[in-house]
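Okay, so here's the structure we're looking at.
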Amino acid sequence: MKKVFLLLIFPFMFFSQNNMRFTYRYDFAPNEFKKDSLITNYMRLDTNGFESNFYNEVKFKVDSIKKTSNDMGLIVNAGRMDRNLNYYILKNYSNREVIYSTKFTTIDFRIPETEIPVWKLDEERKLIGSWNCQKAKTYYKGRNWTAYFTSDIPINDGPYKFWGLPGFIVEIFSEDKSHKFSLIQIEKIENPNIHYPPKNAKTISYEKYREYLRNYKPTTADIFAVNVNNGVSTYIMKDGNRVNIQISKETLDKYRDNRKELSQIILNKLGEQNSNPIER
């Protein structure tokens, strides 16, 4: 990539522009019993030099569309997004504050992060793409993580809630390899997407938010729209989550005359939670 090649020559000049976008490939296994079945999503980290915002690029497109239109075609064509990525993570560089914001059913949540990764630097170094990287490790939120960061990018940031190293995180993965972020693109932008929680957002702890998720029982009132394509039904929920459900022909035939039972099967699938969350 030409943008990355130029950085090797003028890295500090390039990053002094402040308004930057870093795109990560995020590979993860939503099922803890099928860790070789990975799903790929693309995440963005936008920064203005003072704070940053980490988010899923499809979520941003959908949120932008819904501000002006409820056009189902536009929303579906925005792309696929895993249901576990319906969040924004705001980091403030000066006061070291991290805010996780999301919408659950009809409630906007503001979730301050109180735990900061504590890193142990390693002497091991390797080249990732064009970046000279150093290894670091941390135990964070129930998992052991290995990161490779570069001081060639003078920004102490990284994907998700990971930051605090003397450089920028180029790659980070969990010990069981079921979660991995890999930096794939860097670009200068005019207007970083810095997302702030709504003023009426409810402030709660992450543990309390996880409790909401565990106790969630969806109803038909939570569904915004449904799109069916090649046997897969995409349910777009009112909180922005998108859930893909495939019902077998055998099940459809069995409950063809029992709509109530079929609806309950669908609702149960909508309520299924990720069995391998990034935070345990």
Side-chain angles (χ1 to χ4, degrees), residues 26-42 56-87 100-109 111 178-179 201-202 204 206-280:
Y26 177 32
D27 298 302
F28 72 100
N31 189 328
E32 67 174 328
F33 303 108
K34 298 180 180 179
K35 292 183 179 178
D36 57 341
S37 299
L38 300 177
I39 292 176
T40 297
N41 278 263
Y42 294 92
N56 178 268
E57 62 179 16
V58 173
K59 172 177 171 53
F60 177 69
K61 291 177 184 177
V62 171
D63 287 352
S64 298
I65 292 169
K66 291 179 72 174
K67 287 178 181 178
T68 58
S69 170
N70 283 330
D71 188 308
M72 181 64 180
L74 291 176
I75 292 173
V76 170
N77 290 332
R80 290 192 175 187
M81 178 191 78
D82 186 81
R83 67 187 302 177
N84 303 293
L85 304 177
N86 189 39
Y87 60 75
Y100 180 107
S101 62
T102 187
K103 188 169 187 175
F104 178 69
T105 60
T106 60
I107 308 172
D108 288 297
F109 286 123
I111 307 169
S178 67
H179 292 268
K202 182 178 181 179
I204 61 171
Y206 192 81
E207 290 72 22
K208 186 67 176 178
Y209 172 63
R210 293 292 302 172
E211 185 179 328
Y212 271 98
L213 294 181
R214 286 192 296 270
N215 296 330
Y216 173 51
K217 302 295 182 184
T219 68
T220 54
D222 296 327
I223 301 171
F224 169 70
V226 182
N227 179 67
V228 180
N229 186 23
N230 294 326
V232 178
S233 299
T234 300
Y235 287 79
I236 300 178
M237 313 303 283
K238 289 182 179 178
D239 59 9
N241 268 315
R242 297 153 63 91
V243 185
N244 295 322
I245 294 178
Q246 187 164 10
I247 304 294
S248 68
K249 183 177 182 302
E250 290 77 11
T251 300
L252 290 174
D253 290 341
K254 181 179 180 180
Y255 295 101
R256 189 175 301 279
D257 297 323
N258 191 339
R259 296 276 182 173
K260 183 177 180 180
E261 187 68 24
L262 182 59
S263 295
Q264 190 57 53
I265 290 173
I266 293 171
L267 290 175
N268 289 341
K269 286 183 174 293
L270 290 175
E272 289 177 358
Q273 297 300 314
N274 176 10
S275 65
N276 187 38
I278 191 169
E279 298 185 23
R280 289 174 169 168

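Worth saying up front: this structure is predicted, and the values here are computed from it rather than measured.
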Under 3.5 Å: donor-acceptor pair, side chain of S64, backbone of F60: yes
Return yes if some donor-acceptor pair links the side-chain N/O of D27 with the main-chain N/O of L38 below 3.5 Å, else return no. no
Atom CD in E261, atom CD1 in I265: separation rounded to 0.5 Å? 5.5 Å
Determine, step by step, whether Y26 and N56 satisfy the side chain to side chain contact (heavy atoms under 4.5 Å, CB included) criterion, reporting the C-alpha distance in whole Å, the side-chain angles of both residues, the deciding distance to 0.1 Å, and the verdict. CA-CA 10 Å; Y26 177 32; N56 178 268; over 6 Å; no
Y209 and F104 aromatic ring geometry - parallel, tilted or perpendicular at 30°/60° bounds: perpendicular
Under the side chain to side chain contact (heavy atoms under 4.5 Å, CB included) rule, what do Y255 and K260 come out as? Steps first, then yes or no, please. CA-CA 9 Å; Y255 295 101; K260 183 177 180 180; over 6 Å; no
Between N86 and K59, is there a side-chain donor-acceptor contact under 3.5 Å, judged purely by atom types and distance? yes
Carboxylate-amine/guanidinium contact E207 R210, below 4.0 Å: no
D108 vs K202, test: side chain to side chain contact (heavy atoms under 4.5 Å, CB included). Steps then yes/no. CA-CA 6 Å; D108 288 297; K202 182 178 181 179; over 6 Å; no
Distance-only, no hydrogens or angles: does the S275 side chain make a donor-acceptor pair with backbone N or O of E32 under 3.5 Å? yes
Taking the side chain as everything from C-beta on, heavy atoms only, tell me whether T220 gets closer than 4.5 Å to S263. no
Go through the steps for Y216 and T105 under the test side chain to side chain contact (heavy atoms under 4.5 Å, CB included), then give the verdict. CA-CA 9 Å; Y216 173 51; T105 60; 3.6 Å; yes
Taking side chain as C-beta onward, heavy atoms only, is N276 less than 4.5 Å from N31? no
